[in-house]
Amino acid sequence: MRFLSTLVASALGTLLALGAIIVFLVLFVFALSMAASPEPTVQDNSVLVVDVRGAIPERQADDPFAQLQTTRPAYDLVDLKGALNKAAADDRIEAVWLRIRSAPPTWATLEEAREALVDFKEESDKPIFASSQDFGMSEQEYFLASTADHIFATAQSPFEFNGFHTTLAFFRQGLDRLGVEPEVIRAGEFKSAVEPFTRDDMSEENRLQFTELLETQNAQFMNAVAESRGLEVEALNRKATESVILTVEDALEADLVDELKYRDEVTDRIKEEIGLGENESFSRVNVSQYARVPPADVGLEPVDDGVVGVVYADGAIVTGESGQGPNPLGGGSSVGSETFSDAMETARNDNRIETVVVRINSPGGMVSASEAMWREVMLTKEEKPVVVSMGDTAASGGYYVAAAADSIVADPLTITGSIGVYSILFDASELFEDRLGVTFDAVRTSPFADLYSGVRSLSDEERRLLEANTEQTYDAFLQRVADGRDMNIDAVREIAGGRVWSGADAQEVGLVDELGSLERAIEVAAEMADMEEGPYNVRRLPRPKTFIEQLNEMLNMQASKLWQRAMLSTHERKLLEHQRVLRDLARDHGTVQARLPYDITIE
């Protein structure tokens, strides 16, 4: 059997190697052809086409393989804002066409994209067209579309204008059925991170903070739509709560949509609006193409007065290296303390960089990693001004890092705060003994030696030790915020407790200095460094991994797993299955966390 397992493993390894070689050859040829593509030629009577189809990433590698992806845009937020800024000054660009398919509820990102669209209109006096075809629109798509001078939709398509909600999942009953008992210690009455494991519904504190978060979200949305469409906020709120709008026909009647048109009719209407005749046509240039046009070509020369460094902390905070998730075509990301530290050191030691902006989009994570990242911000602040720009989320460990900065700029819809920590362990003894028939016995040199074993419950003394450890970490968190924000620690404690705030509310309580986009944070940092008025040269760190690099990591990981599985005996495979059952639950086992364990999704 061992010989057969080895033979199978060898065959699998050979097939994987051959497949990887073929894939790499095809992708390499494609990359060469794309890399050799000349700078795009923008013709007169061109329209900048912005395809909104999925999440707009904070940033991604300048990678030709992004063109192959259909699940998200082939551009990032930096590309989009840069393209709109150039298009406003480019006489060859007559208009912008938003072709909307889907936009996930990443509200701070949508807010920045929307702000860039509004700036384009104000600076250029050029029209924006928005169309959704048969995909329809929900609030997040309409948030962008509402900036347009003309909004088109296809008849019989859906349209959602019925308010906002956020729904959380609770696993208490599922854990009971598995026989897994969570051992939870938290600091802060609003630290709801552990509630999914201990309750069946929201606590009153948690319901309060989410209610206020949704109210801020609703107010921001309604005010933006009302201003763009020339409507009254009160009337819009009534439409969402009384005469709910669920079809484009209803939206047309409510003056949220201008006309019902098919795609060919939208094209004809754009031609008409930009002054082209029936037999004429306009050229289309997409964002990823137009991003390659140098700003100097349209008269946007950056000031020759140093460089602004922008260091990204995008994803859950972990120790070690940053990761892009299990799938190079999409998935989660993490910011590693070592990767972040290296990027901050580079920014600190680069004599061309006059000032540093730390762009945080993170729900937090491991406290030890957050502490290491906080230290890097402090070291950099001793030599250069440091400003934090907050994206969709800068909570828990994300805010821990932000607190060290000279100034904090947040979007009004940034989910921030959550100054609190928790520890969680899982007692799986009932699962193993009653469900699987596995029992454990141990020999110890100390009564606490197997504290984190996960196969027995905590003693009263052990719980007291963990509570003291968690409270010590919480006190350190409070002190970091008090020192960084120049506040009394008692004042911090009043607004902490793990409570989540919107960026707008966080400014009111003193956790944020100013509301604005990444561009505004760059301006603030440049002002602190006494730089001339922009536009500025920007160096973005760290360099994002390309598609090939991510694919290579994924193939190596999968090949290693297949090899290991092929070499396992039957009993080893059974043990592996037992381990897999607990893998996700045990991820945070025995560590102090400053993070949100779930995504706050407002839809």
Side-chain angles (χ1 to χ4, degrees), residues 108 187-191 209 216 308-311 313 317 340 344 347-348 354-362 364 367 370-391 393-412 414-421 471-518 520-531 594:
E189 64 275 16
F190 283 93
K191 195 61 182 177
Q209 68 177 347
T216 300
V308 177
V310 178
V311 178
I317 295 174
F340 180 84
M344 290 297 291
R348 196 162 58 242
E354 299 288 338
T355 183
V356 178
V357 173
V358 179
R359 174 68 167 184
I360 297 178
N361 185 16
S362 172
V367 172
S370 301
E371 173 76 10
M373 293 166 64
W374 172 89
R375 173 63 177 172
E376 289 298 324
V377 176
M378 291 295 293
L379 289 174
T380 305
K381 191 171 71 169
E382 291 175 2
E383 301 184 25
K384 303 173 181 181
V386 178
V387 174
V388 159
S389 169
M390 293 181 171
T393 305
S396 282
Y399 191 82
Y400 193 114
V401 178
D406 293 297
S407 182
I408 299 176
V409 179
D411 187 271
T414 298
I415 295 171
T416 190
S418 191
I419 302 169
V421 298
E471 285 294 334
Q472 181 184 36
T473 303
Y474 181 49
D475 290 342
F477 196 166
L478 294 174
Q479 192 63 57
R480 293 281 184 254
V481 175
D483 293 341
R485 303 301 300 163
D486 194 23
M487 298 172 66
N488 182 281
I489 196 166
D490 291 331
V492 176
R493 196 180 296 274
E494 288 182 9
I495 58 176
R499 182 166 183 169
V500 174
W501 304 86
S502 67
D505 291 339
Q507 184 190 32
E508 292 292 327
V509 298
L511 296 178
V512 167
D513 294 296
E514 186 174 335
L515 300 180
S517 63
L518 174 59
R520 178 54 191 155
I522 290 174
E523 291 174 0
V524 171
E527 291 168 4
M528 287 183 174
D530 296 324
M531 296 174 66

Ala347 versus Val311, closest heavy-atom pair with distance: CB-CG2, 4.2 Å
Residue pair Tyr474 / Arg493, side-chain heavy-atom distance below 4.5 Å: yes
Pairwise side-chain contact, Arg485 with Val492, heavy-atom cut-off 4.5 Å (strictly under): no
Close side-chain approach of Tyr399 and Val388, heavy atoms under 4.5 Å: no
Residues that Ala526 engages under side chain to side chain contact (heavy atoms under 4.5 Å, CB included), provided they are two or more places apart: Met531, Tyr536
Phe477 and Tyr400 aromatic ring geometry - parallel, tilted or perpendicular at 30°/60° bounds: tilted
Backbone of Ala404 reached by a side-chain donor or acceptor of Lys381 within 3.5 Å: yes
Nearest non-hydrogen partners of Thr355 and Pro385, listed with the distance: OG1-O, 3.2 Å
Minimum-distance pair of heavy atoms, taken over all atoms of Thr416 and Ala394: OG1-O, 2.9 Å
Side-chain donor or acceptor of Asp411 paired with backbone N/O of Ser517 under 3.5 Å: no
Partner set under side chain to side chain donor-acceptor pair (under 3.5 Å) for Gln479, not counting sequence neighbours: Asp483
With sequence neighbours excluded, residues passing side chain to side chain contact (heavy atoms under 4.5 Å, CB included) with Leu379: Arg348, Arg375, Glu376, Glu382
Nearest heavy-atom neighbours spanning Ala496 and Leu478: CB-CD2, 3.6 Å
Least distance between heavy atoms, Ile489 atom then Asp475 atom: CD1-O, 4.5 Å
Side chain to side chain contact (heavy atoms under 4.5 Å, CB included) partners for Ser362, two or more places apart: Ile317, Ile360
Partner set under side chain to side chain donor-acceptor pair (under 3.5 Å) for Thr414, not counting sequence neighbours: none
Smallest separation among heavy atoms of Val401 and Ser370, with atom names: CG2-O, 3.8 Å
Salt bridge (Lys or Arg N to Asp or Glu O under 4.0 Å) against Glu527, all qualifying residues, sequence neighbours excluded: Arg520
Contacts of type side chain to side chain contact (heavy atoms under 4.5 Å, CB included), residue Ala491, not counting sequence neighbours: Met487, Asn488
Side-chain (Ser396) to main-chain (Ser418) donor-acceptor, under 3.5 angstrom: yes
Pairing residues for Glu354 by the salt bridge (Lys or Arg N to Asp or Glu O under 4.0 Å) criterion, not counting sequence neighbours: none
Under 3.5 Å, which donor-acceptor pairs link side chains of residues 501-512 to any protein atom two or more places apart or in another chain?
residue, atom, partner, partner atom, Å
Trp501, NE1, Ile495, O, 3.2
Ser502, OG, Asp505, N, 3.1
Ser502, OG, Asp505, OD2, 3.3
Asp505, OD2, Thr216, OG1, 3.0
Gln507, NE2, Asp513, O, 3.4

side-chain contact (heavy atoms from CB on, under 4.5 Å) partner of Val358, the single match among Met390, Met344, Met373: Met344
